Structure formats: structure tokens, C-alpha cells
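Worksheet: one structure, shown below.
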Protein chains: 2
Amino acid sequence: MAVKYKEIAECLERDIRDGKFDRAKKLPTEEELINNFKVSRNTIRKAINQLVNRGYVYQVQGSGMFLREKSVTDYINLGSLRGLTKDLTSKIIETKILELHVLDADEVIAKQLRCEVGAKLYYIKRLRIVDKEPFSIEISYFKKDIVPYLNEDIASNSIYSYLIEDLKLTIGFADKVINCEKIGEANARLLHVEPLDPALIIENTVCLTNGTIFELSKSVFHYQKAKILNRINFK
Amino acid sequence: MAVKYKEIAECLERDIRDGKFDRAKKLPTEEELINNFKVSRNTIRKAINQLVNRGYVYQVQGSGMFLREKSVTDYINLGSLRGLTKDLTSKIIETKILELHVLDADEVIAKQLRCEVGAKLYYIKRLRIVDKEPFSIEISYFKKDIVPYLNEDIASNSIYSYLIEDLKLTIGFADKVINCEKIGEANARLLHVEPLDPALIIENTVCLTNGTIFELSKSVFHYQKAKILNRINFK
DNA sequence: AAGTGGTCTAGACCACCGT
DNA sequence: CGGTGGTCTAGACCACTTC
């Protein structure tokens, strides 16, 4: 990460998390940050923009930059795709692999992944367990030509860390569709709820920076345990 | 709107919606846009940034700027707060006011709105009807010192248009919490579903640009009719 | 009036994609 | 290699808040 504005953003994000600005509820002025980090104003503003987009701070013209109310730690953060492990930091997260194998794309999946019917895919079904209780069921399809290898060990931890740090994939953007349904029998058993109870669903289509879709996933959440948080800005 | 980059962004957004780039699936290069609009590169890049954040396009270094797959029109867009009317453009939206009056903040609401207990609030309960069928129930609280006047007529249309265009409020950011529950009897009747059926819930806390909370709302959606879309970028 | 963020310009150099 | 985005700088002027 040789990029200045990202380094500054990370540095400030760490400071915010560490409560460094909690007294004042205010960040240093742009002027001060420019002097601290010895960069141009644009670079500082780009860094701050990241913090704004991530929901850490808001800016008031003529007044300053302020901390946003802390978000409770137990929400699934829609805006990040860092995964449960990073979202629910105060919890114990465990993962049980229910299925993991390579299969051929059928017509439905091929259309959604925008690939050939018959293309090789990794299929993974996982049960996520939070504080010893079942939390969600996640079904994922990865294009094998982009993710050539996966195993139980990787899938038991953060798949995304593996994709980014080991495979060096550059993840670009995603579409998330949220809705809710009556849960089916099999899933109900896994989540320890009754059949026909509500279930919160997130369907996720994820692309590399070059626009290629590489993953499709569907997560079914325990309706009493899962809450999704999204922070939005209008500028 | 005398701001160049916003004007350019709106212009390009219109062009995209009108399908102007559908053939190429590609936008003009920055160079070309600079010449078209006669502005500096930074200004063009700021405009494009808006399009990226709104999920219209993605950029590939060394290659160009491309259209993202069109999002289906029938989703609730989490990233905008333009309201149902603007999200579900292909639908007929009607609104029935169930309640509208001024009340005093109780302790729970006061804490959430960060105001005094007893502060005057507008309380509004609305039934939203899409294509002649009940779609959602929305309960909103507005601080009366910020929104001094509301009536059935305003609440029957887009409250946000009124706040922005008439009251000149500058909306800054919002926290949205999504979850799902078993629906209660009263709401079930209103939405034409069975009691204990699932319900998709969005709780919304909205702030002005200066950080003041001015609205709290809770929307209960018909579980079979509502789908939420969120487009995310990682940069 | 002073302080602080918002917009805009002009120009330089780097990094990546495709031919 | 040429084309295209990505990062960075330096400086000017404007708009809003605060006192």
C-alpha cells in the first residue's frame, strides 16, 4: 500500500477506533492534517472522504469534521465486505463446512454468473456459528477459473482474506439484494428455528475491479439474531 | 445548483438512464469529457465519482469507464433516500395517511432523536400502496423545531421533496438498520398477510449536514413484495 | 473578521490494459 | 507502445460557521 491517501485514511481510522478523538468528538482541521502528514490538501481530502464514506465522520462547512455516533458492534455491515469475522468483533465466530465441491454451472447459475453452462465452479455451503449458536447459512459459488483452489481449511476461515491476500484478487464492487422469506425445513433445523419462521436473506453478486463476476452467494440469517447496518451519505 | 461537478454528474446520469451509452457499454474517456464540458480533470473525476458511488459505472485503470449491469427497477434502493416514489418508477404509488399529529417525545424516542423528553414531534403513520396492493407501513417522527409544519397533503406525496425543496433542509447522512420479524396482528391486517408471517423492517435515523438528527422512521414491508438493493464499491 | 470546509484549475508523473 | 485511469502537488477563490 504505497498510496498516501489510503495510508492516511487507515491511520485516521485506527485513531478513531482507538478513541483518540473521543474527547473533542472532532478531528483536527484539514490544515493541521496537512502539516501532520506533510501532504497536499487534496490528498488529505481524499483520505477524509474514505472516512466519510465508511460512516466514521461527517464534515460541516465552516465548522469542522466530527465523529459520527458509534455504530453498535453487533451489526452486519452492508457497506464492507469484510465478512462476519470482521463485523462482529465482540463475538466468537465459528464456521462449519456443510458442503464443498466443484460442480458444473447449470443454466440458472450460468446466467447469473454470466458464464458458460458447464463452467467449473466451487460450491460451498457453510453454517456460521456466533457465540456458540447458529447464525446463518451461506451458499457460495466461485468461478474456478478465477479461484482455482479452495479447501475446507480456507473455507473455515475468512475466504476473502485468502482471495485478497493470497490469490491477490482485486475486488471491485457488488450488488446486494435483501429480502425476507419463510424459512424451509432443512434450514430451520440448521438455524434452530421453526419451519415457516422468518428468515433474512442477502443475495450477493461480487465483481473484480475489471467488472468480471466471480462470486454469487446467498446467506440465510437467523431472524432474531441478525441485524444489518448501512450508513449512507448524501453529497 | 451552480456546482459544476454535480451538474456534470446529473447530465451524465441522465444520459446513462436514457441509454445513450448502451451500445458501447462504455463512457467517453476522461479526456473527451474534459473537452466536452470544458472543465479540469479533477472536476470530471469528481463527477464520475458520483456515478461510481451511485452504482452506475465502474472504472478500470488503463481501459476505461463501463456501465454496470442495469439494476432492475423494482427494488428499494438503500443508497438513495429519494423514497419509494423515485425507486419504483414503473409502479403506481399511493399513500394513505393513517395518523398524523403532533406529540411530545417520550423517553425512548427522545433518546433516539437525541432531544429533550417532551420535545414536540410530528408523528406520521402511513400505508404505502404499490400497484393497488398494500406494500409497507411507515411510522415517522420529525422534530418539529426543524420541520415546523406538515399536513396530510404533504405527507400524501413525497415528504422529502417538501423538506428539501420547500423547507430547504440539507440532508446529510443516515443510519439504516435492517432486520426481519414476525408481523403483528394490526400490521398483518393492513398489509394483507397473516399474523406471524415474516416482515422486512428498516429503521432509519436521518441527520442534517450539520449532524442534527431530525427524523426517525420505521418501515414494515410486505415480505413477498419488498426487495432492497444495495450497490457497493471497494476503493 | 477569522477559521474551516467546498469547489476548481493546471500540470506532472505513475500504473495498468490492450495491441 | 499508445491510451486510459490513478495519485499527487500547489495555489486560488468561495461559502458557511462562529464569535
Side-chain angles (χ1 to χ4, degrees), chain A residues 1-10 12 21 24-53 56-68 168-173 207-212 233-235, chain B residues 1-10 12 21 24-53 56-68 168-173 207-212 233-235:
Chain A
M1 165 120 49
V3 182
K4 286 189 192 176
Y5 79 89
K6 287 187 181 171
E7 273 175 354
I8 294 170
E10 284 206 359
L12 291 172
F21 309 119
K25 289 206 165 210
K26 204 174 178 218
L27 264 64
T29 64
E30 294 185 351
E31 184 72 23
E32 290 174 289
L33 293 174
I34 288 167
N35 294 327
N36 291 351
F37 289 103
K38 308 276 178 229
V39 294
S40 76
R41 188 164 171 225
N42 269 341
T43 302
I44 285 294
R45 285 181 61 78
K46 246 182 132 177
I48 291 164
N49 222 355
Q50 299 234 330
L51 301 179
V52 171
N53 288 332
Y56 287 106
V57 305
Y58 62 95
Q59 295 167 287
V60 183
Q61 185 171 13
S63 179
M65 302 184 281
F66 304 86
L67 293 187
R68 272 176 81 167
K168 309 286 179 204
L169 294 187
T170 54
I171 294 162
F173 51 93
C207 301
L208 301 179
T209 46
N210 69 11
T212 322
N233 291 282
F234 310 99
K235 331 187 42 172
Chain B
M1 166 123 46
V3 181
K4 286 189 192 176
Y5 80 90
K6 287 186 182 170
E7 274 175 353
I8 294 169
E10 283 206 2
L12 291 173
F21 309 119
K25 289 204 165 211
K26 202 173 180 219
L27 263 64
T29 64
E30 294 185 350
E31 184 73 22
E32 290 174 291
L33 293 174
I34 288 168
N35 294 327
N36 291 350
F37 289 102
K38 309 277 179 227
V39 294
S40 75
R41 187 162 172 228
N42 270 342
T43 301
I44 284 296
R45 286 181 61 78
K46 248 182 130 176
I48 291 164
N49 223 354
Q50 299 234 331
L51 301 178
V52 171
N53 289 332
Y56 287 106
V57 305
Y58 62 95
Q59 295 167 289
V60 183
Q61 185 171 14
S63 178
M65 301 184 281
F66 303 86
L67 294 187
R68 270 175 82 166
K168 308 287 181 203
L169 293 189
T170 54
I171 293 161
F173 51 94
C207 301
L208 301 179
T209 45
N210 68 11
T212 322
N233 290 283
F234 310 98
K235 329 185 49 168

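Naming convention: chains lettered A, B, ... in sequence-line order (proteins, then strands); numbering from 1 in each chain. For clarity, every value in this text was computed on a predicted model and none was experimentally measured.
For the ring pair (Phe, Tyr, Trp, His ring centres under 6.0 Å) with B/F173, the qualifying choice from A/F66, A/Y56, A/Y58, A/F234 is A/Y58, the only one to do so.
Protein chain B contacts DNA chain C from C/dT7 to C/dC17, reading 5' to 3' and using non-hydrogen atoms of the protein with a distance under 4.0 Å.
Taking the side chain as every heavy atom from C-beta outward, A/I48 and A/L33 approach each other to under 4.5 Å. Taking 4.5 Å as the limit, some side-chain heavy atom of A/L27 sits within range of a side-chain heavy atom of A/L67.
Residue pairs satisfying the salt bridge (charged side-chain N to carboxylate O under 4.0 Å, His left out) criterion with at least one member in residues 32-43 of chain B, sequence neighbours excluded, are listed as follows: B/E30-B/R41.
Distance B/K168 NZ to D/dC16 P: 13 Å, rounded to the nearest Å. When the P atom of D/dT4 is taken as reference, atom CZ of B/F66 falls 11 Å away, rounded to whole Å. Spacing between atom CG of B/L169 and atom P of D/dC16 amounts to 15 Å, rounded to whole angstrom units. Between B/E31 atom CD and D/dG3 atom C1' there is a gap of 10 Å when expressed in whole angstrom units.
Toward the 5′ end of DNA chain C lies the nearest nucleotide of B/K38, the other residue of the pair A/N210 and B/K38 mapping further downstream. Comparing B/G62 and A/G62 along DNA chain D, the residue whose closest nucleotide (by nearest heavy atom) sits nearer the 5' end is B/G62.
Side-chain atoms of B/S40 and B/N42 include no donor-acceptor pair closer than 3.5 Å.
For B/N233 against B/V52, the heavy-atom pair with the smallest separation is ND2-O, 2.8 Å. Shown here for A/T43 and A/Y5, the closest heavy-atom pair between the two residues is O-CB, 3.6 Å. Across A/L51 and A/A9, no two heavy atoms sit closer than the pair CD2-O, 3.7 Å.
Within residues 39-46 of chain B, the residues that have a heavy atom under 4.0 Å from DNA chain C are, in order of number, B/V39, B/S40, B/R41, B/N42, B/T43, B/K46.
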